[in-house]
Amino acid sequence: MTDSNRQFWKRSAKLPGSIQPVYGAQHPPLDPVRLKSSLHERSRVPPFHPKSRKASSFHEFARNTSDAWNIEEDERDEAQHPPFYQTLNSRVAEVTAVKVIESHFKLQEENRCQASSVIKSMSEDQLHRITADDLILRKSLQKQQSLPLRPIIPLVARISDQNASGAPPMTVREKTRLEKFRQLLSCSNTDLDELRKCSWPGIPREVRPTTWRLLSGYLPASQERRILTLQRKREEYFGFIEQYYDSRNEENHQDTYRQIHIDIPRTNPLIPLFQQPLVQEIFERILFIWAIRHPASGYVQGINDLVTPFFVVFLTEHVEEDVENFDVSSLSQDTLRNIEADSFWSMSKLLDGIQDNYTFAQPGIQKKVKALEELVSRIDENH
């Protein structure tokens, strides 16, 4: 070691590994005067080792820490006394592995022998009982397999009820109901009360579009007037499109159009049918025209969900496959126009009866709450 290095270690107050004060949230800022005095007092305290009075010397420090720095001796010890894993004989390891495998196979063979002895020790009565139970189980399985298999129809967020390809085979009762609907719809003047009564348990898919048009008030009960009414109302709707739809970019209608434009992509986001740009354009026109023609309430969030059932039902008149994944661009322009117009008028007829629920102060909802309150009070009086 050179003289300059020795002088450096003698001058330095710090030693490698010595504990220094830590200043943080629980300590005051570093004061040089106090630090110097504390170091001076620390130097007066006798160290633990009696020969370490000259701890400032690098040689003394090196002797006290010689076990941490002597790497060459460790290497020599390892060469003279190699670790256990290096002295492990490969032959011994191989013999041990063979013994473990043989012991495992022997244990498996004993388990098989015990299982066979248990089965042999069973009485004939128990065996006959097992055979009889097995026979009953087989008969029940054969009976289940002989029953007509009805496909599982998904429930939530699906519209497979509208798919002809996925519908189960019709029962005799369902065929009878369908025939009754057809008789009612083929009358020159359909009895709407009877049609409503028959529709309460559900409407067959084949007659659902026409029944919905009649019950919503979109079509008249007279059969001879229906075709002319459809033509007139469809032309009237697209007249509204030409008259009002371009005003969606005007300042007084921008808020309405913006809200509709935001809500349409949220409509049934898990069903591919409603994520097609062509379908979203149809919904956009339907909702905007309805909002313009009903300024008392305007567009309200949630009205977009009222269009979807009508759109799907009227689409099934022209689609026999899976409606959820059907590409509407494969339909003709006239067919899409008819579906759009029928959806608009049917939704309008539905909202005409509940529009008070959407106007200012929601008087329709208040009336229903008041009626419910009176009903509950009358029931409470009887008790």
Side-chain angles (χ1 to χ4, degrees), residues 147-234 237 268 271 273 286 303 305-324 326 335 338-355 357 364 368 371-372 375:
L147 294 175
L149 184 63
R150 298 175 69 89
I152 298 174
I153 301 177
L155 298 178
V156 182
R158 292 188 66 83
I159 48 178
S160 298
D161 183 45
Q162 310 294 340
N163 302 333
S165 58
M170 293 180 65
T171 62
V172 176
R173 182 175 177 274
E174 291 172 342
K175 291 179 180 179
T176 304
R177 292 188 69 249
L178 177 59
E179 187 61 29
K180 187 173 183 179
F181 270 95
R182 284 174 174 167
Q183 290 177 0
L184 285 171
L185 297 176
S186 62
C187 293
S188 58
N189 196 2
T190 301
D191 186 351
L192 295 181
D193 291 335
E194 184 66 21
L195 181 63
R196 190 174 291 107
K197 182 180 178 181
C198 293
S199 301
W200 181 253
I203 306 171
R205 178 185 183 276
E206 292 79 2
V207 295
R208 192 173 296 159
T210 304
T211 304
W212 278 32
R213 292 188 185 102
L214 287 168
L215 295 180
S216 65
Y218 175 37
L219 282 185
S222 176
Q223 187 178 15
E224 61 181 11
R225 293 174 50 205
R226 291 175 190 172
I227 297 177
L228 294 176
T229 301
L230 281 176
Q231 292 177 353
R232 178 174 57 83
K233 299 296 284 185
R234 288 167 178 173
Y237 168 73
N268 296 316
I271 299 179
L273 172 67
I286 291 174
I303 296 181
D305 292 322
L306 299 178
V307 186
T308 56
F310 295 107
F311 181 81
V312 171
V313 167
F314 298 142
L315 180 63
T316 56
E317 284 187 302
H318 313 280
V319 177
E320 294 294 334
E321 54 189 276
D322 182 16
V323 178
E324 296 182 11
F326 180 74
T335 300
N338 293 340
I339 294 173
E340 179 178 348
D342 293 351
S343 300
F344 169 81
W345 287 115
S346 298
M347 185 201 70
S348 298
K349 293 294 183 180
L350 173 65
L351 287 173
D352 286 346
I354 59 175
Q355 188 179 359
N357 297 345
K368 290 180 176 62
L372 181 61
L375 177 62

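Any value given below was found using the heavy atoms of this structure, including those in side chains, with hydrogens, waters and symmetry copies removed.
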Value for CG (Leu214) from OH (Tyr218), rounded to nearest 0.5 Å, stands at 11.5 Å
For Ala341 and Arg234, which heavy atoms make the closest approach, and how far apart are they? CB-CG, 3.7 Å
Centroid-centroid under 6.0 Å between Tyr237 and Trp345 rings: no
Do Ser188 and Glu224 have side-chain heavy atoms sitting under 4.5 Å apart? no
Could you check whether atom CG of Leu375 has more than 12 heavy atoms from other residues, nucleotides or ligands sitting under 6.0 Å from it? yes
Between Cys198 and Lys180, which heavy-atom pair has the shortest distance, and what is it? SG-CE, 3.6 Å
For Glu340 and Ile286, the nearest pair of non-hydrogen atoms, with its separation, is O-CD1, 3.7 Å
Minimum-distance pair of heavy atoms, taken over all atoms of Arg226 and Pro220: NE-O, 3.4 Å
Any side-chain heavy atom of Arg232 sitting closer than 4.5 Å to one from Thr229? yes
Would you say the side chain of Ile339 lies within less than 4.5 Å of the side chain of His318, judging by non-hydrogen atoms? yes
So CZ of Phe314 and CG of Asp342: to nearest 0.5 Å the spacing works out to 5.5 Å
Looking at CD1 of Ile203 and CG of Leu215, how far apart are the two atoms once the value is rounded to the nearest 0.5 Å? 6.0 Å
Ion pair present between Lys349 and Asp352, side-chain N to carboxylate O less than 4.0 angstrom? no
Which atom pair, heavy atoms only, marks the closest approach of Asn189 to Ser222? OD1-N, 3.7 Å
So, does Gln231 use its side chain to make a donor-acceptor pair with the main chain of Leu228 at under 3.5 Å? no
If you measure from CG on Leu306 to OG on Ser346, what distance do you get to the nearest 0.5 Å? 12.0 Å
Smallest separation among heavy atoms of Trp212 and Pro309, with atom names: CZ3-O, 3.7 Å
Between Arg208 and Glu317, does any NZ, NE, NH1 or NH2 come within less than 4.0 Å of an OD or OE carboxylate oxygen? no
Would you compute the distance between atom CG of Asp305 and atom CE of Met347 and round it to the nearest 0.5 angstrom? 11.5 Å
Does atom NZ of Lys233 have more than 12 heavy-atom neighbours, drawn from other residues, nucleotides or ligands, at distances under 6.0 Å? yes
Backbone N or O of Arg213 within a donor-acceptor pair of the Ser216 side chain at under 3.5 Å? yes
How long is the straight-line distance from CZ of Phe326 back to CG of Leu315, given to the nearest 0.5 Å? 6.0 Å
Any side-chain to backbone donor/acceptor pair from Thr190 onto Leu184? Under 3.5 Å, distance only. yes
With heavy-atom distances below 4.5 Å as the criterion, would you say the side chains of Glu174 and Glu179 are in contact? no
Does the distance from a Lys or Arg side-chain N to an Asp or Glu carboxylate O, for Arg177 and Glu206, drop under 4.0 Å? no
